[in-house]
Amino acid sequence: MTSLRPNLKLMRLFEENDMEMKERIAILENYIMQRCLWQFHSRAWDRENQNNGILGITKTMLLGEEPDLSTPELKCYWVDAKCLVDGFKTKFPWVNEMNKEDIAAMMDGLKERIDYVTIHGSLNEELTVKLY
Amino acid sequence: MPYHTFKCSEMLPDREKHAVIKGPGEDITSALPLGNLNTVPGTITERGCAYCGAKHVIGTPMKDVIHMSHGPMGCTYDTWQTKRYISDNDNFQLKYTFATDMKEKHVVFGAEKMLKQNIHEAFDAFPEINRMTLYQTCASALIGDDMDAIAKQIMKERPGVDIFVCNAPGFGGTSQTGGHHKINIAWINNKVGTVEPEIKSKYTINYVGDYNIQGDCEIMTDYFNRMGIQVISMFTGNGSYDDLRAMHRADLNVLECARSAEYICNELRTRYGTPRLDIDGFGFDLLAESLMKVAMFFGDDCVEKAKAIIDEEVARWKPELDWYAKRLKGKKICLWPGGSKLWHWAHVIEEEMGVKVVSVYSKFGHQGDFEKGIARCSEGALAIDDPNELEALEAMEMLKPDCILTGMRPGEVAKKIRIPYLNIHAYHNGPYKGFEGWVRLARDLYNAIYSPVMNLAAIDISKDDFETDKGFMTRTMLSDPGVPREELHTENMYTGKMDIVTHLRDKTYDFPAPEPKADAAV
Ligand code: SF4
């Protein structure tokens, strides 16, 4: 199983005692874990693709940029990302107040947590099985 | 790790890591049972075999097919009719089951000749059906009958006939899950890509992992059709054999039960580039979001139609759901399905019906299913993998649930100790999918919990020591005392019809014209 690599940028952020950021990440993590299914594909490589694809597009959209929808696969990621963005913005109004730098840091932290919970820290012994 | 040891299983150390309690602050990185392992000798499992998983769960919901087992009668009989996967062709696949009825002499001398004869007899008896699925069982696998060769011979002798061979004998996996895997892979290897569908809409999907229990699948396909989406195939509830051979042509795979059908979606993604979108067809909130996701994949016109459906359905059914939710508030349930409902329902049933899920279990789920279920259920829930009957009894004694949501076998055990059970495999009065279906589930749950039958059943009438004038309690006495007077709204209990599926079969739909595809010719 891959070990959790420390994200230096994120650690600096937390060292600056941004407890609020940590709490916000925890809230969004909880929202994803209770509501979504996309993060639970059956193999580690598949989860990596899902997390990168969907959380990557979510970050792009929250930063007000246009996501790339040029393939059916990207469009499918976008569908889940769009639901996340809408959910974050309506359920947690503080997301709308954040500046771009904070949003980027929050999304990096969230990605790291989802990767940890579903891949690197997962107890699921089937994640590394070669075939489906 | 917060493992839970059952007293009854203390002498079975291998069971130690198969149950966990999600304690305060725990998540799936600290609370996860083992799963999808061979059943421990000495315990008594409720699991089915791999043949059962292939045939009973996935193969036989296909409607226009002779489903034949090559093996002893018992294998077939025990996988016949216990699930109500109805179909719009007068339930052919429910009414008839076929077996070669292997006996000792066939084990000794071989059963290929007899298999061939059986296949001809079946096609002769039902000349309007020219599709067949053929299932291996333990006996035919062990003697090595070459079913593929026989199927090829028959197809040559009877032009127009098509046969699918499924090599998933009972011992081919830890449980039914081994059979799910085998039939998924066999179908894509042998049948997908062999038929070209008629494309009627700009938007096409395969609806995968729904078995049309009491019409679930038909409820969902009605929504998709109303959104302008053509459902090329249903894998496999109410599904047609030839439609399922055309799965490669859909734009999107919409997946419900990932446990039984993710394999074919993963393969379609790899081989044909069709994306996989996992959805929840249960619960108002998750279903609404799921319909929106599918619609968004296709475009704004689809989104508008999905919104209209959601608004209409929620306005119609939410007051009735709330009527039950008020009366179910705080009731404790055990969510003990076979596989996917433990995660489809774990959170949304608490949110929308007010009940508390005190336990989730799965007979054949993998650890991935428990990850989903434990992530969704709330603190204190007991998660059990492949429980035996004694563990289930001990869990019920410990948790004191008001209802067990499970299948027939564990349900009957619960009834013995007078805990009501709701059949969420074959359903009581489904369908439970869709907005109205979710209200029907709430209604059935309400009736299960409050039925006076459970109290009456506790009375030993031979002793005649009960008050004969106070045996029956009314609804207002049983379920309404906790509801504030101004919220009683007696008019808002379920007002739907008994049969909400049949009328859908006569509906016609408008689809947006398909765009010509460069690779449409094969
Ligand atoms: S385990 Fe083998 S013999 Fe038993 S029902 Fe399954 S296929 Fe038949």
Side-chain angles (χ1 to χ4, degrees), chain A residues 1 4 26 29-47 49-50 53-54 57 61 67 69-87 90-91 113-132, chain B residues 1 17 20 27-37 181 184-185 251-253 255-256 258-259 262-267 269-270 273-280 285-286 289-290 292-298 340 343-344 346-348 351 366-372 374-378:
Chain A
M1 218 169 267
L4 179 62
E29 176 194 333
N30 191 43
Y31 179 81
I32 290 173
M33 297 308 279
Q34 288 213 328
R35 204 174 169 84
C36 304
L37 296 171
W38 50 258
Q39 71 278 25
F40 286 122
H41 281 207
S42 55
R43 297 293 177 260
W45 62 266
D46 211 349
R47 290 185 180 189
N49 289 346
Q50 291 287 108
I54 291 159
I57 294 176
M61 290 173 75
L69 305 181
S70 57
T71 66
E73 185 188 24
L74 288 168
K75 208 165 177 199
C76 196
Y77 290 150
W78 168 77
V79 158
D80 274 312
K82 172 89 170 68
C83 286
L84 272 192
V85 171
D86 292 348
T90 48
K91 297 252 170 20
R113 273 298 302 169
I114 297 293
D115 279 351
Y116 176 73
V117 176
T118 63
I119 305 168
H120 309 305
S122 171
L123 301 167
N124 184 343
E125 294 174 12
E126 288 187 346
L127 287 187
T128 49
V129 173
K130 286 271 184 296
L131 300 168
Y132 281 121
Chain B
M1 174 70 80
K17 296 184 177 173
V20 297
D27 65 19
I28 53 173
T29 61
S30 55
L32 191 72
L34 296 177
N36 188 28
L37 296 172
H181 183 231
N184 271 246
I185 300 301
D251 298 321
L252 179 69
N253 288 313
L255 176 60
E256 287 274 9
R259 180 65 285 126
E262 69 169 1
Y263 314 103
I264 199 155
C265 288
N266 291 342
E267 289 299 324
R269 193 176 47 165
T270 310
T274 324
R276 158 186 167 180
L277 183 68
D278 293 37
I279 67 158
D280 289 285
D285 190 24
L286 292 181
E289 187 171 272
S290 296
M292 286 301 292
K293 278 186 198 178
V294 177
M296 284 191 296
F297 182 84
F298 291 113
S340 66
W343 40 268
H344 275 313
H347 182 52
V348 73
E351 289 280 303
H366 296 215
Q367 283 186 300
D369 298 288
F370 280 105
E371 285 183 308
K372 293 181 203 176
I374 292 170
R376 282 183 162 185
C377 68
S378 40

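Keep in mind that the numbers below use all heavy atoms, side chains included, and drop hydrogens, waters and symmetry copies.
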Tell me the closest heavy-atom pair linking [X] and [Y], and the distance in Å.
| X | Y | answer |
| --- | --- | --- |
| B:Arg376 | A:Arg35 | NH2-O, 2.8 Å |
| A:Cys76 | B:Leu252 | SG-CD1, 4.1 Å |
| A:Val117 | B:Asp27 | CG2-OD2, 4.5 Å |
| B:Ala375 | A:Phe40 | CB-CZ, 4.0 Å |
| B:His347 | A:Gln34 | CE1-OE1, 2.8 Å |
| A:Asn124 | B:Leu32 | N-CD2, 3.8 Å |

To the nearest 0.5 Å, what is the distance between [atom1] on [X] and [atom2] on [Y]?
| X | Y | atom1 | atom2 | result |
| --- | --- | --- | --- | --- |
| A:Leu37 | B:Ser290 | CG | OG | 8.0 Å |
| A:Trp38 | B:Asp278 | CH2 | CG | 11.5 Å |
| B:Leu37 | A:Glu125 | CG | CD | 7.0 Å |
| B:Tyr263 | A:Leu131 | OH | CG | 11.5 Å |
| A:Leu123 | B:Leu34 | CG | CG | 9.5 Å |
| B:Thr29 | A:Arg113 | OG1 | CZ | 6.5 Å |

Problem - Partners passing side chain to side chain donor-acceptor pair (under 3.5 Å) against A:Gln39 (at least two apart in sequence or in another chain) - result: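 With sequence neighbours excluded, A:Gln39 shows a side chain to side chain donor-acceptor pair (under 3.5 Å) to no residue whatsoever.
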What residue in [options] has the most heavy-atom pairs under 4.5 Å with chain A?
| options | result |
| --- | --- |
| B:Ile28, B:Asn266, B:Asn36 | B:Asn266 |
| B:Trp343, B:Phe370, B:Phe297 | B:Phe297 |
| B:Val294, B:Leu286, B:Asp285, B:Asp280 | B:Asp285 |

Heavy-atom distance under 4.5 Å to chain A: side chain of [X], backbone, both or neither?
| X | result |
| --- | --- |
| B:Arg276 | both |
| B:Ala31 | backbone |
| B:Ser30 | backbone |
| B:Asp369 | neither |

Handout entry: Residues of residues 80-87 of chain A with any heavy atom under 4.5 Å of a heavy atom in chain B
Key =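 Under the 4.5 Å heavy-atom cut-off, A:Asp80, A:Lys82, A:Cys83 qualify.
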Problem - Side chain, backbone, both or neither of A:Glu73 within contact of chain B (heavy atoms, under 4.5 Å) - result: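 It is the backbone, since no side chain atom gets that close.
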Problem - Side chain / backbone / both / neither for A:Asn30 at chain B, heavy atoms under 4.5 Å - result: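 Contact with chain B involves no heavy atom of A:Asn30 at all.
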Practice task
Name the option with the most non-hydrogen atom pairs under 4.5 Å to chain B; the candidates are A:Lys75, A:His41, A:Glu126.
Solution key: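 Option with the greatest count: A:His41.
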Problem - Pairing of B:Glu371 and A:Arg47 as salt bridge, 4.0 angstrom limit - result: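 Yes, this pair counts.
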